[in-house]
Amino acid sequence: KEFSAENARLATLGKTKAAKTLKPRHEVADQVWLDFRPDSNVQASAQPLKADNALRIQVADRGGSPWFSFSYALSVEALRSARFLGLLISGRAEGVAAFRPCLRYVLPDGFKDGFARNMILLESEAQDQITFIRIDPALRDEAIGAEVLFFFEGKSFDVTLNSVENLNI
């Protein structure tokens, strides 16, 4: 089944190690990262919530980083049979938080990003949301790797990702 390895990794978010401070490209689980620009004075932490099998991400200050992202590796082979990458996301926020999902094609000479048309908005009560990203066949065929990134908006936020599931559409 497409994305079974990726979905199995994402199902373990509640079993990650807590981190009171994060470094750029901080690996919270196998091929799952929190990332931001180095040397940008980001103040952030990550905490697994074992009872909810969820990951809490707290960013007190994004500092000078132009981005903060949650990301994970995705098999290029798994993208071959899909026209769209669907994302079923369950999460909540203390207050309100928003992010834009992105499919990154890792190419031999760099990368190219394709974005979902809509933002995901998280509020205080956990809810399931679905979005999709059109797969570019030419970029997919040229890619040597792929990642999904959630680019968060704002200088500070407190979110809990209860689940993330990749769907072949």
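The structure presented is a predicted model; accordingly, all values stated were derived computationally and were not measured. FYI, the numbering just counts along the sequence from 1.
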Exercise for the section: Examine Leu107 and Leu74 and state if one hydrophobic cluster contains both, with Ile, Leu, Val, Met, Phe, Trp and Tyr joined whenever side-chain heavy atoms are less than 4.5 Å apart. Expected result: yes
Problem - Lys155 atom NZ, over 12 foreign heavy atoms within 6.0 Å - result: yes
Exercise for the section: Evaluate side-chain hydrogen bond (donor to acceptor under 3.5 Å, both in side chains) for Asn166 paired with Glu6, printing each intermediate quantity in order. Expected result: CA-CA 8 Å; Asn166 301 286; Glu6 291 86 348; 5.7 Å; no
Practice task
Considering only Ile, Leu, Val, Met, Phe, Trp and Tyr, and joining two whenever side-chain heavy atoms are under 4.5 Å apart, list the other residues clustered with Trp33.
Solution key: none
Handout entry: Straight-line distance of Asp113 CG to Leu149 CG, nearest 0.5 Å
Key = 6.5 Å
Problem - Ionic contact status for Asp141 with Arg80, cut-off 4.0 Å - result: yes
Exercise for the section: Work out which heavy atom in Leu87 is nearest to a heavy atom in Ile133; give both atom names and the distance. Expected result: CD1-CD1, 4.3 Å
Practice task
Evaluate the criterion side-chain hydrogen bond (donor to acceptor under 3.5 Å, both in side chains) for residue pair Ser69 and Asp35; output intermediate values, then yes/no.
Solution key: CA-CA 5 Å; Ser69 66; Asp35 198 17; 4.8 Å; no
Exercise for the section: With rounding to the nearest 0.5 Å, note down the distance linking CG in Leu79 to CG in Leu103. Expected result: 6.0 Å
Problem - Validation row: Ser156, Asp61 side chains within 4.5 angstrom (heavy atoms) - result: no
Practice task
Verify the distance criterion only: is there a donor paired with an acceptor across the side chains of Glu2 and Ser81 at less than 3.5 Å?
Solution key: yes
Handout entry: Pairwise distance CZ(Arg117) to CZ(Arg100) - rounded to 0.5 angstrom
Key = 10.0 Å
Problem - Distance, nearest 0.5 Å, that separates CG of Leu88 from CG of Leu167 - result: 5.5 Å
Handout entry: Pairwise distance CZ(Arg140) to OH(Tyr105) - rounded to 0.5 angstrom
Key = 8.0 Å
Practice task
Could you tell me which non-hydrogen atom of Ser45 sits nearest to which non-hydrogen atom of Lys20, and how far apart they are?
Solution key: CB-O, 3.5 Å
Fill in the blank from the handout: Apart from Ile144 itself, members of its ILVMFWY cluster (side-chain separation under 4.5 Å) are Val106
Problem - Listed once per pair and sorted, the ring pair (Phe, Tyr, Trp, His ring centres under 6.0 Å) pairs that draw on residues 40-62, sequence neighbours left out - result: none
Handout entry: Within-4.5 Å side-chain heavy-atom neighbours: Leu34 and Ile57
Key = yes
Practice task
First locate atom CD of Glu94, then atom CG of Leu122, and finally report the distance between them rounded to the nearest 0.5 Å.
Solution key: 11.5 Å
Practice task
Please test Thr131 against Ile120 for side chain to side chain contact (heavy atoms under 4.5 Å, CB included), starting from the C-alpha separation and ending with a verdict.
Solution key: CA-CA 8 Å; Thr131 190; Ile120 298 294; 4.1 Å; yes
Handout entry: Pair Asp52-Arg92, side chain to side chain contact (heavy atoms under 4.5 Å, CB included): steps then yes or no
Key = CA-CA 12 Å; Asp52 297 329; Arg92 61 184 170 79; 4.1 Å; yes
Practice task
Please determine, by modelled atom types, if Ser90 and Asp128 share a side-chain donor-acceptor pair under 3.5 angstrom.
Solution key: yes
Problem - Nearest heavy atoms of Gly86 and Ile169, plus distance in Å - result: CA-CD1, 3.6 Å
Handout entry: Candidates Arg37, Arg62, Glu153 - the one meeting side chain to side chain contact (heavy atoms under 4.5 Å, CB included) with Trp67
Key = Arg37
Practice task
Following the transitive rule for hydrophobic clusters with a side-chain heavy-atom cut-off under 4.5 Å over Ile, Leu, Val, Met, Phe, Trp and Tyr, establish whether Phe151 and Val159 coincide in one cluster.
Solution key: no
Practice task
Count the heavy atoms belonging to other residues, nucleotides or ligands that lie under 6.0 Å from NZ of Lys17, then report whether that count exceeds 12.
Solution key: no
Exercise for the section: For Val76 and Ala146, work out which heavy atoms get closest and say how close. Expected result: CG2-N, 3.9 Å
Handout entry: Non-neighbouring partners of Phe84 that pass ring-ring contact (aromatic ring centres under 6.0 Å, His included), sequence neighbours left out
Key = Phe132
Problem - Over 12 non-hydrogen atoms of neighbours within 6.0 angstrom of CZ in Arg134 - result: no
Fill in the blank from the handout: Shortest non-hydrogen pair, Pro24 vs Pro38, comes out as CG-CA, 3.6 Å
Practice task
Kindly write out the residues that satisfy ring-ring contact (aromatic ring centres under 6.0 Å, His included) with Phe150, not counting sequence neighbours, or none if the list is empty.
Solution key: Phe70, Phe99
Handout entry: pair Thr16-Val32: side-chain heavy atoms closer than 4.5 Å
Key = no
Practice task
Answer yes or no: are there more than 12 heavy-atom neighbours, outside Asn53 itself, under 6.0 Å from its atom CG?
Solution key: yes
Practice task
Please examine the side chains of Ser163 and Leu10, heavy atoms only from C-beta on, and report whether any two atoms are closer than 4.5 Å.
Solution key: no
Practice task
May I ask you to check whether Phe152 and Phe157 place their ring centres under 6.0 Å from each other?
Solution key: yes
Fill in the blank from the handout: residues 36-60 vs ring pair (Phe, Tyr, Trp, His ring centres under 6.0 Å), sequence neighbours excluded, gives Phe36-Phe68
Completion exercise
Between Val28 and Ala46, the two heavy atoms sitting closest are CG1-CB, 4.3 Å
Handout entry: For Ser71, the option from Arg25, Arg104, Gln31 that meets side chain to side chain contact (heavy atoms under 4.5 Å, CB included)
Key = Arg25
Practice task
Answer yes or no: is there a side-chain heavy-atom contact under 4.5 Å between Leu85 and Val148?
Solution key: yes
